[in-house]
Amino acid sequence: MKKIVAVVALTLIPIYAMAAERGPIPDVKIDVSDEAIKRGEEVYKKACKVCHSMKYLGYKASIPAEAARKSFGKVPPDLSLMAKARGKDDEGAKYIYALLTSYVNTPEKNTVFPNIAMPPPLSKADPEFEQKARDVAAFLLYAAEPTAKERERLGRYVLAYMVVLTALLYALNRKVWRGVKKKG
Amino acid sequence: MEKKGKEVSRRDFLTVTTSAVGAVGIGAAAIPFIKFMSPSKDIIRAGVMDVDISGLKEGEFKIVMWRKQPVFLLKRDKRMIETAARIDPSKLKDPASPEERVKRPDFLVCIGICTHLGCIPHFQPEKIAPGFDLPGFYCPCHGGKYDTLGRRLDGPPPENLHLVPYEFIDGKKLRIGTPEFAGFTENIRKIQDLPKVKV
Amino acid sequence: MALREWIDERFPLTEFIERHITKYPTPKNLNYWWNFGSLAGAFFAVQVITGIWLAMYYKPSTELAFDSVQHIMRDVNYGWLIRYLHAIGPTGFFFAVYIHMARGIYYGSYKSPRELIWWIGLAIYLALMAEAFMGYLLPWGQMSFWGATVITNLFSAIPVIGSKFVIWLRGDFAVGDPTLGRFFSFHTTFIPLGIIGLLLVFHLTALHRVGSNNPAGIDLDKKGPAVVPFSPYYVTKDLWFISLIFTVYLYFVFFKPDFFLEPINNEPANPFATPLEIVPEWYFLPFYAILRSIPSKLGGVVAMGGAIFILAFLPYLDRSPVRSARYRPIKRVLTWLFFLNFLVLGYVGAHPPFGVMVLIGRIATFYYFLYFLLLLIIPAFEKTRPLPKEVEL
Ligand code: HEM
Ligand code: FES
């Protein structure tokens with residue numbers, strides 16, 4: 001048993017070394033409840049959909065891409081996968097929250113992303129400003145992987161099963177080897 | 001000796017349990033691979049389709065594609081309704097009354113696949129074929145004949161044209177299908193027994 | 001049973017099963033480092049099966065590839081599961097293969113009479129790298145595109161024909177639709193089944209001719225008390241260990257699928273904009289570090305290729321008659337350092353090549369090659385410990 005622990009530990013160390021490497025991510029909790037996602041979808045439709053499509057959800061941008069290019073110098077990107085393209089797990093959603101809340105009003109400038117071509121989509125004057133930024137981040141996170149909840153639900157059963165199977169196979173292996181002479 | 005016997009049965013018990021648990025796991029693991037091959041969610045979603053019927057005139061016939069299957073839409077005129085009503089349902093091979101075939105007497109919606117071998121029957125507004133002096137559908141492949149309610153009158157087809165769930169939306173639009181309804185393979189005989197379409 | 005006999009008269013089924021599975025004589029003193037070969041085989045099976053399933057919906061064209069992967073993720077039943085299994089599987093596969101190879105280096109498994117097993121193994125490793133590299137282009141994300149661009153450009157370092165060769169490899173003047181098509185074809189048929197699958201059969205056939213090495217590194221009597229039949233002893237030992245590692249694998253598949261995947265690959269390939277940082281998959285990092293440590297295009301490519309090919313010369317570089325590093329105090333220390341050094345190279349490969357990283361990278365690259373030179377020299381003065389007469393559990 002000691003040997004097995006050693007084998008597993010030695011082989012897992014590099015994995016943990018990798019995990020330790022993450023950039024700075026704003027410390028905000030993204031509520032991913034169904035209500036937050038629903039509210040976030042409304043925020044998207046009101047504040048983002050003008051320029052940004054979400055093609056895997058069937059949303060088209062309200063203004064044509066060329067018109068957007070003329071005013072901002074770039075075609076605003078599709079947002080379907082944005083939350084997954086900007087970070088692992090919910091880091092992308094936190095990134096989106098940080099981006100939306102880092103505009104200073106006069107002159108319009110983003111403190112965290114100074115070169116961004118996008119004008120502030122949410123108004124700081126709005127009493128629900130922070131909430132809206134969080135909700136739309138939650139919605140984008142959901143949209144990037146709508147099957148995530150199904151995945152975690154199924155995962156619990158699969159892992160529970162694997163633990164039982166592994167324990168049984170381990171016990172069987174112990175039994176099988178019990179009679180084998182130490183020397184030979 | 002007795003101890004040894006116990007050892008053996010213990011290992012057997014463990015072997016059997018482990019094998020059984022392993023087999024259950026392999027079986028369960030096969031499920032995603034099997035379901036992967038059945039229609040995906042976008043195909044399922046495409047099972048509900050809206051058609052604009054406001055332009056359809058009296059006696060006009062139209063075929064729309066739903067779930068890659070032809071669906072017949074026929075705005076039935078007086079002659080069509082009357083000639084079909086004269087037929088005695090009990091004399092038919094696949095008996096069905098007009099009320100069991102359509103929601104509204106002036107409108108037929110059914111799957112346009114011949115129940116013999118799958119051809120698409122032709123609409124005949126005057127007479128189906130020589131000797132059949134009423135409007136209906138004629139299948140060119142082996143001479144199947146159906147009335148304007150899609151009921152089989154003659155020829156090799158064993159059944160009436162199959163029905164599909166539908167609902168009229170404020171008289172202008174027709175909604176066809178449900179996410180679960182497969183289409184031709186289902187063959188539900190009475191319109192009343194079809195799954196409800198959500199409007 | 002009658003059926004068995006009927007077949008056996010016409011095809012050596014029972015003989016085959018007994019010889020290669022049930023009765024195959026296996027040293028009874030194998031430790032857990034001998035478990036990683038079967039583990040790699042299990043991951044291979046997962047890749048092949050999930051790959052065949054993915055290919056049912058995946059579309060190898062630059063117009064459709066990205067969308068088709070999203071279709072698999074969103075609309076196909078359990079598509080997300082099959083895709084994550086396939087995308088994270090290579091991590092498990094390489095993890096198993098690297099430890100499997102390290103085991104071979106430490107215990108001298110490459111030495112006579114197992115040179116051919118070692119070479120076939122290296123060929124599998126090379127094919128596996130090609131397989132993973134080509135597969136990575138298929139989702140047609142930003143990292144797919146730029147990774148393939150950079151790696152195919154490596155071949156432009158070849159003198160004279162280099163740049164023509166790259167064009168031929170890509171079938172276009174940049175990575176494009178023809179590249180995607182050929183990568184898909186190779187990735188789904190020829191490499192996994194025609195090369196890796198076939199080589200696996202050869203690998204095992206050669207192994208079963210000479211028998212497994214063991215931690216003591218001594219030759220064993222195949223009929224003596226030092227061996228046990230493969231079944232049930234190593235069937236249960238392999239199965240339980242595979243089950244253990246698959247539990248970890250499935251944890252990542254179900255709960256942390258992003259962990260091993262690059263976020264920027266969720267953006268469709270854009271030939272006009274290189275991402276801020278290009279990092280290969282973790283399993284290529286050590287060699288990537290070697291590539292970057294040599295400040296010359298051709299030199300870097302040669303060093304990287306050489307780092308892999310030098311492994312093939314191990315049977316001839318290391319002339320000590322003792323196989324296992326257990327009984328070779330100097331090789332033992334040098335080898336552990338070599339493994340540590342490999343991890344350091346991986347760490348360097350994951351970081352931008354600035355400042356101290358460059359220096360560490362160069363030192364580590366130097367030691368990587370030095371190790372082989374030292375292996376050649378040390379038998380001259382290394383005092384090996386006495387080998388055991390019999391094996392112990
Ligand atoms: C040695 C075995 C294999 C390895 C190491 C391997 C590796 C990979 C990798 C790294 C990817 C990219 C994953 C991603 O980010 O999505 C991939 C994609 C893919 N592979 Fe494989 N693969 C193997 C065998 C196969 C086989 C046998 C097939 C089919 C017969 C296959 C079909 C595919 C397809 C269709 C994709 C694109 C879909 C996707 O990106 O998820 N693979 N493979
Ligand atoms: S297919 Fe229509 S009658 Fe044969």
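Protein chains get the first letters and strands the later ones, always in sequence-line order, with residue 1 at the start of each.
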* Asked: What are the two closest heavy atoms between C:Trp53 and B:Phe36, and how far apart are they?
  -> O-CE2, 3.0 Å
* **Nearest atoms (heavy-atom pairs only) where B:Lys41 meets C:Asn77** => CG-OD1, 4.3 Å
* To do: Identify which part of B:Ser38 has an atom lying under 4.5 Å from any heavy atom of chain C, answering side chain, backbone, both or neither.
  => both
* Structure fact -> Between the OH atom in C:Tyr57 and the CE atom in B:Met37, the distance rounded to the nearest 0.5 Å is 8.0 Å
* **Atom NZ of B:Lys103 with >12 non-hydrogen neighbours under 6.0 angstrom** => yes
* Answer yes or no: does atom NZ of C:Lys256 have more than 12 heavy-atom neighbours from other residues, nucleotides or ligands under 6.0 Å? => no
* Pairs touching residues 57-75 of chain C that satisfy salt bridge (Lys or Arg N to Asp or Glu O under 4.0 Å), sequence neighbours left out -> A:Lys55-C:Asp67, B:Arg45-C:Asp75
* Taking atom NZ of C:Lys23 as the centre, report whether more than 12 heavy atoms of other residues, nucleotides or ligands fall under 6.0 Å from it. => no
